[in-house]
Amino acid sequence: MATDTLKNTPGAGGATSGLRRLLLDNGALTALIVLVVALSALSGDFLTTDNLLNVGVQAAVTAVLAFGVTFVIVSAGIDLSVGSVAALSATVLAWSATSHGVPVVLAVVLSVATGIVAGLVNGFLIAYGKLPPFIATLAMLSVARGLALVISGGSPIPFPDSVSHLGDTLGGWLPVPVLVMVVMGLAAAVVLGRTYIGRSMYAIGGNEEAARLSGLRVKKQKLAIYALSGLFAAIAGIVLASRLSSAQPQAADGYELDAIAAVVIGGASLAGGTGKASGTLIGALILAVLRNGLNLLNVSAFWQQVVIGVVIALAVLLDTVRRKAGATPVAAGTGGGKGRQAGTYALAAVVTVAVVGATSFLHGGSAASTAPRMGLSLSTLNNPFFVQIRAGAQAEAKKRGVDLTVTDAQNDASQQANQLQNFTSSGLGAIIVNPVDSDAASNSVKAADKARIPVIAVDRGVNKAAVNALVASDNVAGGELAARTVAEKLGGSGKIVILQGQAGTSAARERAEGFAKGLKAYPGIQVLAQQPADFDRTKGLDVMSNLLQAHPDVQGVIAANDEMALGAIKALGSKAGRSVQVVGFDGTPDGLTAVKGGTLYASVAQQPSQLVRIAVDNALRAVRGKKVEQTVKVPVKVVTKDNVAGFSG
């Protein structure tokens, strides 16, 4: 069964009671069937071979991570570090193989060993250091992520070609990540159901003290359990980096929560003692189907988070209901119910095929829309600049009669790859992409090119893949302008600090490069400190407050976007615009308001409305087979109090 194998209580007779018991005992599987049927009815793009394979690929990394987390949760523990360990392991592989010439086979071994060592450290801190699992793995989350950034220098590292094939397909149609997911799922099932350590996990999760008194060496078992979690995290990291053709130091951020959610949705209890690999797989598929379907239905990324949270809550509620209904969990590997389990899966398959086949008639005869269909994948909507891009794109699309779907990658290169794959499988007329990372978007853009779908890049380019057009401002040139502006305002000499963007993003790297180039012409400008504030206003406030303690004599601030600049202004208080000159980047509405008020001296504005207007126009021209310019540079503009009134963006 998809969730815990259960024994029915006596006296439950009749077809209605049997159906009720079947649904309760297989809540996750039932939910997956309902989702597939509902999305097949709501979207004609969902039930296609390409899209279903996309769902499998998109579930793969979460599933492999979740299999490792299943071991931990069954033993009544928790592992919050798997996402960071996955990123660190992939970074070690790419760094050793490409930067230091280590043979690829040895680099893979080092990567896997990195994951195992991280797990062993977690296990040691928990078993011998007596730290709560939450605290120990939370510490490892930070340590592993920090080491990934240190090793990579905050920049993505190209992945070895021989390993990148893990992100390809076999025979041109079967994705390798799906095969890896299946193999790791079978391995997890064998460990849980057929091995001594698997039985130990259930015993420890059921009652740790009783397990110890019965002769189990609980401490050593915990070392092995967390080492297994680290091993699975390393493999997930390698698969993820293969899909993105690069090791991203910020990859898999927050994936530990998806992994835990998949395990819980699959029927495991956070109290320990129950859980199965098959349930975890179904939990991961539910999350992937949800995200895929909500993308196809053009549901806001913000509402997607709400929906997924509700699904997790309902999964736990269903687990509570079925236990109160008299179901008794049976640990995996204890025998009993295997024939019934196979029957349940067979029945589920038959029901799904029959109902989905019926719903396909809803779309078979429907008339196709005459409006051109386009997709816009934005790197994030947590930044006012990209909110302006979305608003401008929607306004232009409405004006031009375009059916536009907008998605938010939330600064996650893997999530953006999923969204672009969904666009491709949906057969859109054109795709507009604002890449989270220029390297990581390449494989998805190549897939769109193969499907003959025009791709327009906006604000940032795509490396190692052909796009029909790039519409962008020059971030390096903009960085030089920002540096020149603050230097000239200070008369060519003074002390400044630089607030950098999110490590690992192309915008942060390019703007930092521009700052450095621009300041070379002003030897009298002394850079007291450079610190990342992740393009975030709150972090800008915190970082600037800290820097002021060490450098109270600062005279200027360059921020890689307006949000960080506004945070710095808050920290500076009355000094902003008087004794300290602050220059931002992007020309957001709040930034321009601060320019008018005099607290922000200047913002290097990118004119987002013009960017996206040109992008939509080029996409429409490409759809209609017309020629488009390969590169369109929209000039940046320094906006100060003198010219802010005439700036429209």
Side-chain angles (χ1 to χ4, degrees), residues 3-4 61-89 115-145 188 191-192 197-198 200-209 211-212 218-234 236-237 252-277 279-280 283-284 287 308-309 312-313 315-316 319-320 329 331-332:
T3 53
D4 305 325
V61 173
T62 298
V64 174
L65 283 175
F67 291 140
V69 173
T70 302
F71 302 141
V72 176
I73 288 179
V74 163
S75 60
I78 200 75
D79 192 346
L80 299 177
S81 67
V82 289
S84 296
V85 171
L88 175 60
S89 299
I116 294 173
V117 169
L120 286 172
V121 171
N122 282 335
F124 181 84
L125 291 174
I126 293 163
Y128 294 93
K130 303 297 182 184
L131 287 181
F134 183 92
I135 299 301
T137 59
L138 182 64
M140 180 56 71
L141 177 152
S142 181
V143 169
R145 184 68 66 186
V191 169
L192 285 168
I197 189 174
S200 299
M201 292 174 191
Y202 288 101
I204 294 169
N207 189 320
E208 183 175 329
E209 183 62 17
R212 185 183 65 80
V218 173
K219 291 183 178 179
K220 290 186 177 179
Q221 294 297 328
K222 284 188 175 182
L223 280 177
I225 290 167
Y226 280 92
L228 278 171
S229 180
L231 168 64
F232 276 67
D253 187 20
Y255 280 34
E256 56 279 349
L257 301 181
D258 276 0
I260 293 169
V263 177
V264 173
I265 291 172
S269 170
L270 289 174
T274 60
K276 297 187 71 175
T280 296
L287 291 175
I308 290 169
I312 294 170
V316 178
D319 184 61
T320 303

Quick one: list whatever passes side chain to side chain contact (heavy atoms under 4.5 Å, CB included) with [X], sequence neighbours left out.
X: L231; answer: V112, I116, L228, I235
X: A118; answer: V85, M140
X: L131; answer: L125, A136
X: A224; answer: I197

Grab the two heavy atoms, one from [X] and one from [Y], that are nearest each other, plus how far apart they are.
X: A261; Y: L287; value: CB-CD1, 4.2 Å
X: A233; Y: V82; value: CB-O, 3.7 Å
X: A87; Y: R145; value: CB-NH1, 3.3 Å

Determine whether Y226 and V121 make a side-chain contact, defined as any pair of heavy atoms from C-beta on separated by less than 4.5 Å.
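Counting from C-beta outward, Y226 and V121 never come under 4.5 Å.
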Quick one: are V218 and K222 in side-chain contact, heavy atoms under 4.5 Å?
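V218 reaches K222 side chain to side chain.
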Looking at residues at least two apart in the chain, or sitting in another chain, which of them share a side-chain hydrogen bond (donor to acceptor under 3.5 Å, both in side chains) with [X]?
X: S89; value: none
X: N122; value: S81
X: Q221; value: none
X: T62; value: none

Which residues pass the ring pair (Phe, Tyr, Trp, His ring centres under 6.0 Å) test with Y128, not counting sequence neighbours?
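Ring pair (Phe, Tyr, Trp, His ring centres under 6.0 Å) list for Y128, sorted by chain: F124.
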Which residue pairs pass the salt bridge (Lys or Arg N to Asp or Glu O under 4.0 Å) test with at least one member in residues 255-267, sequence neighbours excluded?
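Output for this query lists D258-R291.
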Could you list all the side-chain hydrogen bond (donor to acceptor under 3.5 Å, both in side chains) pairs where at least one residue sits in residues 131-144, not counting sequence neighbours?
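For residues 131-144: none.
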Once you round to the nearest 0.5 Å, how far does CD1 of I260 lie from CG of D79?
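Answer for the CD1-CG pair, I260 versus D79, is 7.5 Å.
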To the nearest 0.5 Å, what is the distance between CD1 on I135 and CD1 on I78?
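The distance works out to 12.5 Å.
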Atom pairs and distances, donor-acceptor, side-chain atoms in residues 65-77, under 3.5 Å, two or more places apart:
{"residue": "T70", "atom": "OG1", "partner": "A66", "partner atom": "O", "Å": "2.7"}
{"residue": "T70", "atom": "OG1", "partner": "T280", "partner atom": "OG1", "Å": "2.7"}
{"residue": "S75", "atom": "OG", "partner": "F71", "partner atom": "O", "Å": "3.2"}
{"residue": "S75", "atom": "OG", "partner": "V72", "partner atom": "O", "Å": "2.8"}

